[in-house]
Colleague: 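Here it is, the structure, as structure tokens.
By convention here, the first residue in the shown sequence is residue 1.
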Amino acid sequence: QVQLVESGGGSVQAGGSLRLSCAASGRTSSSYIMGWFRQAPGKEREFVAGITRYGSSTLYADSVKGRFTISRDNAKNMVYLQMNSLKPEDTAVYYCALDQKLWIRTIDSEYDYWGQGTQVTVSS
């Protein structure tokens with residue numbers, strides 16, 4: 001079993017920044033894909049960013065490309081999402097997810113473990 005716990009959410013004004021963290025515990029390994037998803041009220045959960053096992057490759061949703069950066073520290077079992085130039089449309093609950101496959105996927109049902117989520121609210 002794997003446990004994922006997100007932190008770092010909060011309220012910020014448009015143009016501001018936040019850094020989300022995800023702590024992994026249990027049967028973790030650097031061999032896993034890590035991803036961030038988000039779900040806004042009344043909308044389906046959507047892919048935000050993903051990172052491969054050793055951080056050599058990343059993938060971003062078009063809506064966050066150039067503003068968000070995903071990174072990982074395998075020694076600490078941590079994954080981060082640095083969010084800059086935040087917009088009101090970034091408001092959502094953000095989830096960390098782990099996929100035991102070898103490539104980044106953008107469909108939430110493909111991921112094996114999920115955190116409980118952390119709220120990000122961006123005001124105009």
Colleague: How about Ser63 and Arg38: do any of their side-chain heavy atoms sit closer than 4.5 Å?
Modeller: yes

Colleague: Would you compute the distance between atom CZ of Phe68 and atom OG of Ser17 and round it to the nearest 0.5 angstrom?
Modeller: 9.5 Å

Colleague: What do the steps show when you test Leu20 against Met83 for side-chain contact (heavy atoms from CB on, under 4.5 Å), and what is the final call?
Modeller: CA-CA 8 Å; Leu20 305 183; Met83 305 186 296; 3.7 Å; yes

Colleague: Could you tell me whether Asp90 and Lys87 make a salt bridge, using a distance below 4.0 angstrom between a side-chain N and a carboxylate O?
Modeller: no

Colleague: With no hydrogens and no angle check, is any side-chain donor or acceptor of Thr91 less than 3.5 Å from a backbone partner on Val122?
Modeller: yes

Colleague: Step by step, work out the side-chain contact (heavy atoms from CB on, under 4.5 Å) result for Leu4 and Tyr95.
Modeller: CA-CA 9 Å; Leu4 303 174; Tyr95 297 90; over 6 Å; no

Colleague: With the 4.5 Å side-chain cut-off for hydrophobic clustering, are Trp36 and Val12 part of the same group?
Modeller: yes

Colleague: Side chains of Ser71 and Gln82: closer than 4.5 Å at any heavy-atom pair?
Modeller: no

Colleague: Closest heavy-atom contact between Pro88 and Ser124?
Modeller: CG-CB, 3.9 Å

Colleague: Mind checking the CE-OG1 spacing from Met34 to Thr58? Nearest 0.5 Å is all I need.
Modeller: 14.5 Å

Colleague: Hey, could you give me the CG/CD distance between Asn77 and Gln3, rounded to the nearest 0.5 Å?
Modeller: 11.5 Å

Colleague: Give a yes or no on whether the backbone of Cys22 and the side-chain of Glu6 come within a donor-acceptor separation of less than 3.5 Å.
Modeller: no

Colleague: Got a sec, which pairs hit ring-ring contact (aromatic ring centres under 6.0 Å, His included) with one end in residues 100-124, sequence neighbours left out?
Modeller: Phe37-Tyr111, Phe37-Trp114

Colleague: How many angstroms lie between atom OG1 of Thr69 and atom CG of Leu81, to the nearest 0.5 angstrom?
Modeller: 8.0 Å

Colleague: Using modelled atom types and a 3.5 Å cut-off, is there a donor and acceptor pairing between side-chain atoms of Arg72 and backbone atoms of Thr52?
Modeller: yes

Colleague: If I compare all heavy atoms of Asp108 with all of Arg45, which pair ends up nearest, and what's the gap?
Modeller: OD2-NE, 3.3 Å

Colleague: To the nearest 0.5 Å, what is the distance between OG1 on Thr121 and CG on Leu86?
Modeller: 10.5 Å

Colleague: I'd like to know if Ile51 and Leu98 are part of one continuous hydrophobic network [Ile/Leu/Val/Met/Phe/Trp/Tyr, side-chain heavy atoms within less than 4.5 Å].
Modeller: yes

Colleague: Between Tyr60 and Ile70 (side chain of the first, backbone of the second, donor and acceptor by atom type, cut-off under 3.5 Å), is there such a pair?
Modeller: yes

Colleague: Which distance, rounded to the nearest 0.5 Å, do you find between the CZ of Arg67 and the CG of Asn84?
Modeller: 9.0 Å

Colleague: Are Arg105 and Ile107 packed together at the side-chain level, in the sense that at least one heavy-atom pair is separated by less than 4.5 angstrom?
Modeller: no

Colleague: Quick check: does any side chain N or O of Asn74 sit under 3.5 Å from a backbone N or O of Arg53, one acting as donor and the other as acceptor?
Modeller: yes

Colleague: Between Met78 and Leu18, is there shared hydrophobic-cluster membership here, with clusters defined by ILVMFWY side-chain heavy atoms closer than 4.5 Å?
Modeller: no

Colleague: Applying side-chain contact (heavy atoms from CB on, under 4.5 Å), name anything that partners Leu59, two or more places apart in sequence or on another chain.
Modeller: Phe47, Ile104, Thr106

